[in-house]
Amino acid sequence: MPDFSSKPRVRFAPSPTGYLHVGGARTALFNWLFARHTGGVFILRIEDTDFERSSEEMVQGILDGMRWIGLDWDEGPFFQSQRLTQYQAAADTLLKSGHAYRCFCTKEQLEEKRRQAESSSRPPMYDRSCRSIDPARAAERQQAGEPCVIRFAVPQGGSTAFDDAVFGRVEFSNDELEDFVLLRSGGVPTYHLSVVTDDLEMRLTHIIRGADHLSNTPKQVLLYNALGRPLPIFAHVPLILGPDKSRLSKRHGATSVTAYRELGIVPEAFRNFLALLGWTPRGAARQPGEPEREIFDSQELIDLFSLDGIARSNAVFDVDKLAWFNLEWIRRYTPEKLLPFIQEEWSKAGFHPDGDMQEIYAAIALLQPRARNLKDFAGAFRAYFSDQYEYDSAAVAKYLKDAVVRSLLTELGRRYAEQSAWSEASSESLLRAFAEEKGVKAGVLINGARVALTGQAVAPSLFAVMALLGRKRVLARLSAAEHIAAVESMP
RNA sequence: GGCGUCAUGGUGUAAUUGGUUAACACGCCGCCCUCUCAAGGCGGAGAGUUCGGGUUCGAUCCCCGAUGACGCUACCA
């Protein structure tokens, strides 16, 4: 056992071969929640030993993604590419202790061996031929410049087991494990070597990572044993799947967290959704029929998080549920907190509001309860922030098709102009009286006015909208009402 | 192919860990509210817990087998 008298230490160790994807974001989140819950340390480590596929741009993308969902780290980021000598040293001690050996087989030879093994329906494992080379002789060959890799000498027979905090006891027969490569011929470590050396050196107490590593863990356990070091606690988190239950990938659409940011999702919603994917708060005993709580802010998640609430089966990423979390969170934000996100959408859409801050906040507050997505503010909600808006053709077709209604609206505008009072109540009573006078249903004028004022068939209560827009705008937009169909029909 | 893991409505999860009409949320449908649409309220459809055996008075829960999905099986991580 590692030294548990000190604080728990966990890490997120992405490899910068792509953007931060939702699966990675969730393991990062779980590690972070665990660290914050236990008062431990959250370390960020970049596993960039695959030089061909790693890039600085991806590193930045990952950091941005983490910041977006509100994850901060206490140590790092450390880069494995800058720690090569440590891994070489580790390989060296393994070599010296007889737990590893030099292998001179070329890639071509290995491929050939694999081919032969497969054709004779033997498992395609390395045949360990270099294991029998005398170590002194092998060292001489390497000295002489012959390229070689360092392989781990997996014990023959027996089995390797560990206790996973999520999956329970997991046991693998050693004969299933091949003598895996620790150090490549270029002196660059392989995943197993670098993770174990780093996890050891960074004094990690818990390894919380994707379940895709479950089958790799025995190899790492073997390394801990060979190094004579205690095992950390492993906790493997089930994977996130696409709607067709295959592993989430590009063809399922958005898979990086930045993609969801661009889709108009608010970070709290994404974090909340992710946290509940494969994890449920424990201990909160619920009576049958009693609703389950699902909306949690960051602090609540931290308070509730524990490893034993993690599920064992893979979860499907449900975009509809995410959309629901999004609308729930958008209405929970204060207008002040929401504004920067909205501004981001506005600038992406090249839209410029023309009201002052006071008016903008008032409009946001009015619109929040009906927003499902940040994009709404730069789309359907434009009329609340500027005179630069368009009429939705379906809305016009539905409520302003009748020229009589359109001219009535313009006439209504004149009535409003004659009236000095300007409030929700007075606007409503004037409209209703006007409708009665003209012998039309108030609803017809209300619906028509809504389209004239907002361009949309869907909006908050009409009179609240009027109060928000202000007398001047309402009069202008109503007076333009009689021309709307003409405007609409223009190309 | 070998090895491993998992399996509750369409989706995410519950079920005091062998005893409930199998619960909640999202989604879907209907009604109410109403100036529209959301939200909200009310109600509904949807699983008998992958299948087959066993243990037991009794299995979602324990055991065995099958199936399926996923993962690992690289000088990727």
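Letters A, B, ... mirror the listed sequences (proteins, then strands); counts begin at 1.
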* **Cationic N near anionic O, under 4.0 Å, A:Arg114 to A:Glu112** => no
* Determine the Euclidean distance between corresponding C1' atoms of B:U21 and B:G30; express it in Å to zero decimal places. => 23 Å
* Figure out the CZ/C1' separation between A:Phe167 and B:C3, and round it to whole Å. => 16 Å
* Structure fact -> Out of B:A14, B:U5, B:A25, minimum distance to the side chain of A:Trp324 belongs to B:A25
* Minimum-distance nucleotide to A:Asp318 side chain [options: B:U11, B:U5, B:G2] -> B:U11
* To do: Could you list the residues that satisfy ring-ring contact (aromatic ring centres under 6.0 Å, His included) with A:Phe341, not counting sequence neighbours?
  => A:Tyr333
* Let me know the distance between CD of A:Glu178 and P of B:C75, rounded to the nearest Å. => 6 Å
* For the pair A:Phe273 and A:Trp324, evaluate ring pair (Phe, Tyr, Trp, His ring centres under 6.0 Å) and give the outcome as yes or no after the intermediate values. => CA-CA 9 Å; A:Phe273 171 66; A:Trp324 175 75; over 10 Å; no
* Asked: When we call it a touch if two heavy atoms are under 4.0 Å apart, what does A:Val181 touch: a base, just sugar-phosphate, or nothing?
  -> sugar-phosphate
* **Per A:Glu294 side chain, nearest of listed nucleotides B:G12, B:C76, B:C70** => B:G12
* Considering only B:G71, B:G1, B:C75, which nucleotide approaches the side chain of A:Leu110 most closely? -> B:C75
* Scan A:Cys148 against the nucleic acid and name what it touches under 4.0 Å (heavy atoms): base, sugar-phosphate only, or nothing. => nothing
* **Residue-phosphate contact under 4.0 Å: A:Arg282 side-chain N/O, B:A15 OP1/OP2** => yes
* Please state whether the base of B:C75 and the side chain of A:Ser185 form at least one donor-acceptor pair under 3.5 Å? => yes
* **Distance test, side-chain N/O of A:Thr49 to OP1/OP2 of B:A77, below 4.0 Å** => yes
* **N-O pairing of A:Arg332 and A:Glu268 below 4.0 Å** => no
* Asked: Expressed in whole Å, how much space separates the C1' atoms belonging to B:G19 and B:A38?
  -> 44 Å
* To do: For A:Gly278, report the nucleic acid contact type (base, sugar-phosphate, nothing); a contact means any heavy atom under 4.0 Å.
  => sugar-phosphate
* Could you say whether A:Gly443 or A:Glu292 is positioned toward the 5' end of RNA chain B, judged by the nucleotide with the nearest heavy atom to each? => A:Glu292
* **Minimum-distance nucleotide to A:Leu214 side chain [options: B:G27, B:C70, B:U5]** => B:U5
* Considering only heavy atoms and no angle criterion, is a donor-acceptor pair shorter than 3.5 Å present between the side chain of A:Asn216 and the base of B:A77? -> yes
* Length of the CG-C1' vector between A:Asn272 and B:A25, whole Å -> 12 Å
* Structure fact -> Writing each nucleotide of RNA chain B 5' to 3' as (, ), [, ], | or . by Watson-Crick or G-U pairing under 3.5 Å yields (((((((..((((.....[...)))).(((((.......))))).....(((((..]....))))))))))))....
* May I ask you to say what A:Leu462 touches in the nucleic acid, namely base, sugar-phosphate or nothing, with a heavy-atom cut-off under 4.0 Å? => base
* Asked: Looking for any heavy atom pair under 4.0 Å, which part of the strands does A:Ser246 touch: base, sugar-phosphate only, or nothing?
  -> sugar-phosphate
* To do: Assign A:Pro238 to base, sugar-phosphate, or nothing according to its heavy-atom contacts below 4.0 angstrom with the strands shown.
  => nothing
* To do: Just compare B:U36, B:C70, B:C26 and give me whichever is closest to any side-chain atom of A:Leu241.
  => B:C70
* Integer-rounded Å distance: B:A39 C1' and A:Arg332 CZ -> 11 Å
* To do: Please confirm whether A:Trp329 and A:Phe270 have ring centers closer than 6.0 angstrom.
  => no
* To do: Specify the separation, in whole Å, of atom CD of A:Glu52 and atom P of B:A74.
  => 18 Å
* Could you measure between the two C1' atoms, the one in B:A69 and the one in B:G53, and give it in whole Å? => 23 Å
* Asked: To the nearest Å, how far apart are A:His213 NE2 and B:A77 C1'?
  -> 6 Å
* Asked: P atom, B:C33 versus B:C28: distance in rounded Å?
  -> 22 Å
* Asked: Would A:Arg141 count as a cation-pi partner of A:Phe104, with NZ or CZ less than 6.0 Å from the six-membered ring centre and within 45° of the ring normal?
  -> yes
* Distance-only donor-acceptor test, A:Arg247 side-chain atoms vs B:C70 base atoms, 3.5 Å -> no
* Selection from B:G40, B:G12, B:A77 that lies nearest to any side-chain heavy atom of A:Glu328 -> B:G40
* For A:Phe325, answer base if it contacts any base atom (sugar-phosphate contacts may also be present), sugar-phosphate if it contacts only those atoms, and nothing otherwise; contact means non-hydrogen atoms under 4.0 Å. => nothing
* B:G10 to B:U49 separation - C1' atoms, rounded to the nearest Å -> 16 Å
* **Rounded C1' spacing from B:G9 to B:G44 in Å** => 14 Å
* Asked: Glycosidic conformation of B:G52, syn or anti, with 90° from 0 as the boundary?
  -> anti
* Integer angstrom distance from the P of B:G52 to that of B:C61 -> 13 Å
* Which residue lies more 5' along RNA chain B, comparing A:Val316 with A:Arg293 via nearest heavy atoms -> A:Val316
* With sugar-phosphate meaning primed atoms plus P, OP1 and OP2, does A:Phe172 contact a base, only sugar-phosphate, or nothing at under 4.0 Å between heavy atoms? -> sugar-phosphate
* Under 4.0 angstrom between A:Arg151 side-chain N/O and B:C75 OP1 or OP2 -> yes
* Salt bridge between A:Glu294 and A:Lys321, side-chain N to carboxylate O under 4.0 Å? -> yes
* Say you pick atom C1' in B:C51 and the same atom in B:C6; how far apart are they, in whole Å? -> 16 Å
* Spacing between A:Asp164 atom CG and B:C6 atom C1', to the nearest angstrom -> 13 Å
* **Partner residues of A:His213 under the ring-ring contact (aromatic ring centres under 6.0 Å, His included) criterion, sequence neighbours left out** => A:Tyr191
* Asked: Strictly under 6.0 Å, is that where the ring centroids of A:Tyr260 and A:Phe317 end up?
  -> yes
* Structure fact -> Given the 90°-from-0 boundary between syn and anti, B:U17 should be labelled syn
* Can you find a side chain N or O atom of A:Ser215 that sits less than 4.0 Å from OP1 or OP2 on B:U73? -> no
* Does a salt bridge link A:Glu300 with A:Arg293, judged by any charged N lying under 4.0 Å from a carboxylate O? -> yes
* Between A:Phe377 and A:Tyr384, does the ring centre distance come in under 6.0 Å? -> no
* Would you call A:Lys438 and A:Glu411 a salt bridge, taking side-chain N to carboxylate O under 4.0 Å as the test? -> yes
* Does B:A39 have OP1 or OP2 sitting under 4.0 Å from an N or O in the side chain of A:Arg331? -> no
* To do: With heavy atoms under 4.0 Å as the rule, sort A:Ala315 into base, sugar-phosphate or nothing.
  => sugar-phosphate
* Asked: Does A:Lys245 make a side-chain N or O approach to OP1 or OP2 of B:U11 shorter than 4.0 Å?
  -> yes
* To do: Answer with base, sugar-phosphate or nothing: what part of the nucleic acid does A:Pro14 contact at a heavy-atom distance below 4.0 Å?
  => nothing
* Just to confirm, is there a sub-4.0 Å distance from OP1 or OP2 of B:U8 to any side-chain nitrogen or oxygen of A:Arg312? -> no
* Distance, rounded to the nearest Å, where A:Ile310 contributes CD1 and B:U5 contributes P -> 18 Å
